[in-house]
Each structure stands twice: as C-alpha cells, then as structure tokens.
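Sequence lines set the chain letters: A, B, ... in the order given, protein chains first and strands last, and positions in each chain run from 1.
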Amino acid sequence: MGPDLLGRILARRLGDGTLLTARIVETEAYQQDDPASHSYRGRTNRTEVMFGPPGHAYVYFTYGMHHCVNVVTGSSGEGSAVLLRAAEPLEGLEEMARRRGTDDPRALCSGPGRLCQAMGIARNENGVDLVRGRELWLLEGSPVPASGIGVGPRVGITSGTERPWRFSVRGDRYVSRVRPAEPVRGSR
DNA sequence: CGTTGGATTGGCT
DNA sequence: GCCAATCCAACGC
C-alpha cells in the first residue's frame, strides 16, 4: 500500500479558503503485526482511527511538538496505515513558507513533521475522510511506476527496522534526509 | 497516580 | 554529530 500513494496529491483547504497541495514522494508502511506500529498493542484511544475504515487520516502528536499524518489502509478492524513522510509542494508555497518559517521549498514538506506544519495538519484532522473530505483530501495524481520507486528500512524507529517498508520516488529532491543506517545509540 | 520515551526537528559543538 | 525542546500516550504500581 505504501508505494501506491507515491505520486498522489495531498490537498488542504484552510479556513480562509487558501488551497495547499503537495505531491507525495516518500511513505512508510505500518501494520498491526509490527512492533514498530502504534497499532501493535491493540486498539487504544489514540490508535482507534487506525482500526477504522481505510482512506481516513490518522494524525498523531509526538516529541511534544510535531504532528504526523497517515493514510489508514487496512479494512476496518485491521490496524494498518501508511505514514506520509515527504512531499513536493505544488500550490500555496507562500502560505507553507509562512507556517514553516523558511522559503526553501525543500524544507517545506520534506519530513513528516514538516509536512504537517506546512499544511496545517493537527489533531483536528485526525479521522477525516481523505476521499470525500473538503478540508483535507487525496487526489489521484500520477502513480509512480515500480521502476521509479526506491525501497529501504524505515526511519526513526528502534524495532522493526528489518522490514524494508520505506518507499520513495527514486532520485526525487524532495525526499527527506536519509539518516545513516547505524542505529546503535545508548541513552534515550 | 508516577515514569518513560517517542513513526522529529533545528540549533549548537 | 549530538542533544534539548515539550507534550502526552502507554504502562507499571
């Protein structure tokens, strides 16, 4: 499911009518049978949306300051989702720059926290229908052929790193910074 | 209840 | 390269 979202467009309509769009270039898949997934330990208040119908947004808050947005993928009761990690800003760059505090187009949506900040996605958007929604939704865009997709280990997790479920558009300049593979870090 | 640490980022050494 | 920021979900007592 992760690779299918590459090349799709994420659209956002702000309260004042401003339209923001971005082309998804990097994703990560999370499944219920996956120690790295929030759904691994079953249904909770936070993960409830992950277990709901597909095509909805699962938005969570982390590190005390960042939001991340996922597309719920499995059927109801399943607990799987795809994290949107990076996108190429297409429309509304000025507004995104204002929200991000930088003009650099590569720093607007390249990273899960950055993407949410640029597009004004927060807990308010948790659970919204990304197919029929009018504030946050997905457009078909142009799916990326398999030959143009890169696969690798997921980023920022301490377990489940052996699952190669990070997908990106190969060579795309808006893919987020790849961290070194070396994960051995002692204290917190 | 109290504790722990996180699907990150940006700034400083 | 390293680490603080800063909230809160999950888990243990």
Measure CG/Asn126(A) against P/dA9(C) and give the value in whole Å, please.
11 Å
Provide, to the nearest angstrom, the distance between the CE atom belonging to Met65(A) and the P atom belonging to dG5(B).
18 Å
Any side-chain to backbone donor/acceptor pair from Ser39(A) onto Gly79(A)? Under 3.5 Å, distance only.
yes
Any side-chain N or O of Arg41(A) less than 4.0 Å from the OP1 or OP2 oxygen of dC11(C)?
yes
How long is the line joining CD1 of Ile157(A) and P of dG5(B), in whole Å?
17 Å
Salt bridge check: are Glu28(A) and Arg85(A) linked by an N-O gap of less than 4.0 Å?
yes
Roughly how many Å is it from CD in Glu48(A) to P in dA10(C), rounded to a whole number?
11 Å
For a 4.5 angstrom cut-off between non-hydrogen side-chain atoms, does Leu138(A) reach Ile9(A)?
no
Considering just the side-chain nitrogens and oxygens of Arg100(A), establish if one lies under 4.0 Å of OP1 or OP2 belonging to dT9(B).
no
Does dT8(B) have OP1 or OP2 under 4.0 Å away from a side-chain N or O of Arg114(A)?
no
Can a side chain N or O of Thr44(A) be found less than 4.0 Å away from OP1 or OP2 on dA9(C)?
no
Let's see if you can work this out: which of dT9(B), dA7(B), dC8(C) has an atom nearest to the side-chain heavy atoms of Phe61(A)?
dC8(C)
Given side chains that start at C-beta, do those of Leu10(A) and Leu84(A) come closer than 4.5 Å, heavy atoms only?
yes
Position toward the 5' end of DNA chain B (nearest nucleotide), Thr158(A) or Ala107(A):
Thr158(A)
Is a side-chain donor-acceptor pair under 3.5 Å present for Gln31(A) with Ser37(A)?
no
Check if the side chain of His38(A) and the base of dA7(B) share a donor-acceptor pair of N or O atoms closer than 3.5 Å.
yes
Which residues satisfy the side chain to side chain donor-acceptor pair (under 3.5 Å) test with Arg23(A), sequence neighbours excluded?
Asp172(A)
For the pair made of CG in Asn45(A) and C1' in dC11(C), what is the distance, rounded to whole Å?
15 Å
Using the rule for Phe, Tyr, His and the six-membered ring of Trp, do Tyr30(A) and dA7(B) stack at under 5.5 Å and under 30°?
yes
For Leu108(A) and dG10(B), give me the distance from atom CG to atom P, rounded to whole Å.
11 Å
Residue Tyr63(A), side-chain atoms from C-beta onward, closest of dG6(B), dT6(C), dA7(B)
dG6(B)
Tell me: NE2 of His67(A) to P of dT9(B), nearest whole Å?
13 Å
Watson-Crick or G-U counterpart of dA7(B), or none if no pair lies under 3.5 Å
none
Pairing partner of dT6(C), by Watson-Crick or G-U wobble and under 3.5 Å for both distances, is none
Atom-to-atom span, CD of Gln117(A) to C1' of dA5(C) - whole angstrom
14 Å
Which one, dT9(B), dA7(B), dA10(C), comes nearest to the side chain of Met50(A)?
dA7(B)
Any donor-acceptor pair, under 3.5 Å, between the side chain of Tyr60(A) and the base of dA7(B), if you only look at N and O atoms?
yes
